[in-house]
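Order of appearance sets the numbers: ligands from 1, and atoms from 1 within every ligand. Values in this document were obtained by computation on a predicted structure and should not be read as measured data.
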Amino acid sequence: MITVTEALDQLFALARPTGVEEVPLIEAAGRILARPVSARRTQPPFASSAMDGYAVVSAAPGDRLTVIGESAAGHRFDRPAAPGEAVRIFTGAPVPAGATRVVIQEDVTRQDSTILIGDRLDSGDNIRPAGGDFAEGAQIDAPRKLSASDIALLASMNIARVPVARRPKVALISTGDELVMPGETPGPDQIIASNTFGLHALLSSEGADPRLLPIARDNQTSLKHAFSLVDDADLVITIGGASVGDHDLVAPVAEELGMQRAFHKVAMRPGKPLMSGRLSGERRVMMIGLPGNPVSAMVCGHVFVLPVVRVMLGLPPVAAPRLRAPLARVLGQNGPREHYMRATLTEEGLIAFDRQDSSLLSVLGQANALLVRPPHDPARAKNDVVDYLPL
Ligand code: AMP
Ligand code: MG
């Protein structure tokens, strides 16, 4: 058996970035910026008014100034302002040449074409200098997951098409004679395939492009048929059939298809049977075989699959980010495998569920954290600070 970290390193060695594509800005949110981009213009492109008021060369309480025109957003006033003059101005409008400040309209009294400066005049110039936000050529570094704020910034930089990492195509294969699809009517010995749907959701949320292949039955022909449909996937994930039971055919079939197996067993709970390698064929597609137990599959999704997807998206090879919190209850000592316990993070701290069987999706549904116990972790007291993965 190898450790989680060793397994992850082997997976990172197998994962290949998917490359770059350009998408319209409107579709770029949540994607990974693949190359640095540079602002195509300066913002603001001219000194502009931060307020509604009057642009002036100078003003002191009691001054009376002549209003010589108006500068509105999108319509500048084209002449310079001279001492004793004021230009009516609105937020976002270009400040006329010569003006050094904008007196807000609340601080003046307008009488026909003159204004009288009031005595509560503050000292702010209310001018946004040209380039105060960013200058042409200012760079956004890559790789970077594009947030809504980034999209607004890219728009104002006049970047209409964005170079992003191509979404990794992931083919998901459920295996098992007992499985039917949600919505179908299961036979008396059958259950509903759930893992593929959970993993599909997990993969989509991380920016991958997952696809469900037909359920493979527990025979070589059916499993080979499923593998034959993998098509142009960047990653193939099988679920179930990965341990050493008589009906666990994924490893033998994948090997028959030329898979060079990178490893098979990982010292973790849940999720011990896990394999990875490359399939034969020109593209030598990466494959990960996940355990079938629903919670194991989802935990391996968080611990292994998502970090791999991130590498395929051009992000650095790092384990799932962990946070730390105190325990709200005592915990007994851990065995030899790294344990990912379903838990809830409450105001008092982390509480692990009593029932941790790897088949219990209802418990996973209630959990908002996976409390991580290192191998041979001793018993833990209340308020001990431990690692967890947020769910
Ligand atoms: P296996 O690894 O094939 O021995 O499966 C272990 C357990 O997980 C068995 O109880 C299977 O019925 C269950 N299982 C396997 N694949 C799935 C799936 N896609 N959805 C739900 N349960 C599954
Ligand atoms: Mg099975």
Next on the checklist: Asp52 vs Thr91, test: side-chain hydrogen bond (donor to acceptor under 3.5 Å, both in side chains). Steps then yes/no.
Outcome noted: CA-CA 5 Å; Asp52 293 335; Thr91 305; 3.2 Å; yes
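Remark: Gln260 CD to Arg284 CZ distance equals 4.5 Å, nearest 0.5 Å.
With hydrogens left out, the protein atom closest to atom 21 (C) of ligand 1 is Ser194 OG, 3.3 Å, a heavy atom. Protein heavy atom at the shortest distance from atom 18 (C) of ligand 1 is Asn195 ND2, 3.2 Å. The protein heavy-atom contact nearest to atom 19 (N) of ligand 1 is Ser174 OG, 2.9 Å. Protein heavy atom closest to atom 14 (N) of ligand 1, with residue, atom name and distance, is Gly292 O, 3.2 Å. Glu178 OE2, 3.0 Å is the protein heavy atom nearest to atom 11 (C) of ligand 1. For atom 4 (O) of ligand 1, the nearest non-hydrogen atom of the protein is Asp248 OD1, 3.8 Å.
Both cation-pi conditions hold for Arg88 and Tyr54: the charged atom is under 6.0 angstrom from the six-membered ring centre and inside a 45 degree cone around its axis.
For ligand 1 and Ile191, the ligand atoms under 4.0 Å from any heavy atom of the residue are 12 (O), 22 (N). Close approach of ligand 1 to Ala193 (heavy-atom distance below 4.0 Å) involves ligand atoms 20 (N). Every atom of ligand 1 with a heavy atom of Asn293 under 4.0 Å away is listed here by number and element: 6 (C), 7 (C), 8 (O).
Of the possible polar contacts, none joining the Arg380 side chain to the Val385 backbone as a donor-acceptor pair under 3.5 Å is found. Looking only at distances, a side-chain donor or acceptor of Arg40 sits under 3.5 Å from a matching main-chain atom of Asn158. The main-chain N or O of Asn219 is never found under 3.5 Å from a side-chain atom of Ser222 such that the two would form a donor-acceptor pair.
Not a single heavy atom of Ile215 lies less than 4.0 angstrom from ligand 1.
Of the listed residues (Ala242, Gly241, Ser296, Pro182), the one carrying the non-hydrogen atom nearest atom 3 (O) of ligand 1 is Gly241.
The two residues Leu65 and Ala86 make their nearest non-hydrogen contact at CB-CB, 4.1 Å.
Taking Arg166 as the reference, Asp234 meet the salt bridge (charged side-chain N to carboxylate O under 4.0 Å, His left out) condition, with sequence neighbours excluded.
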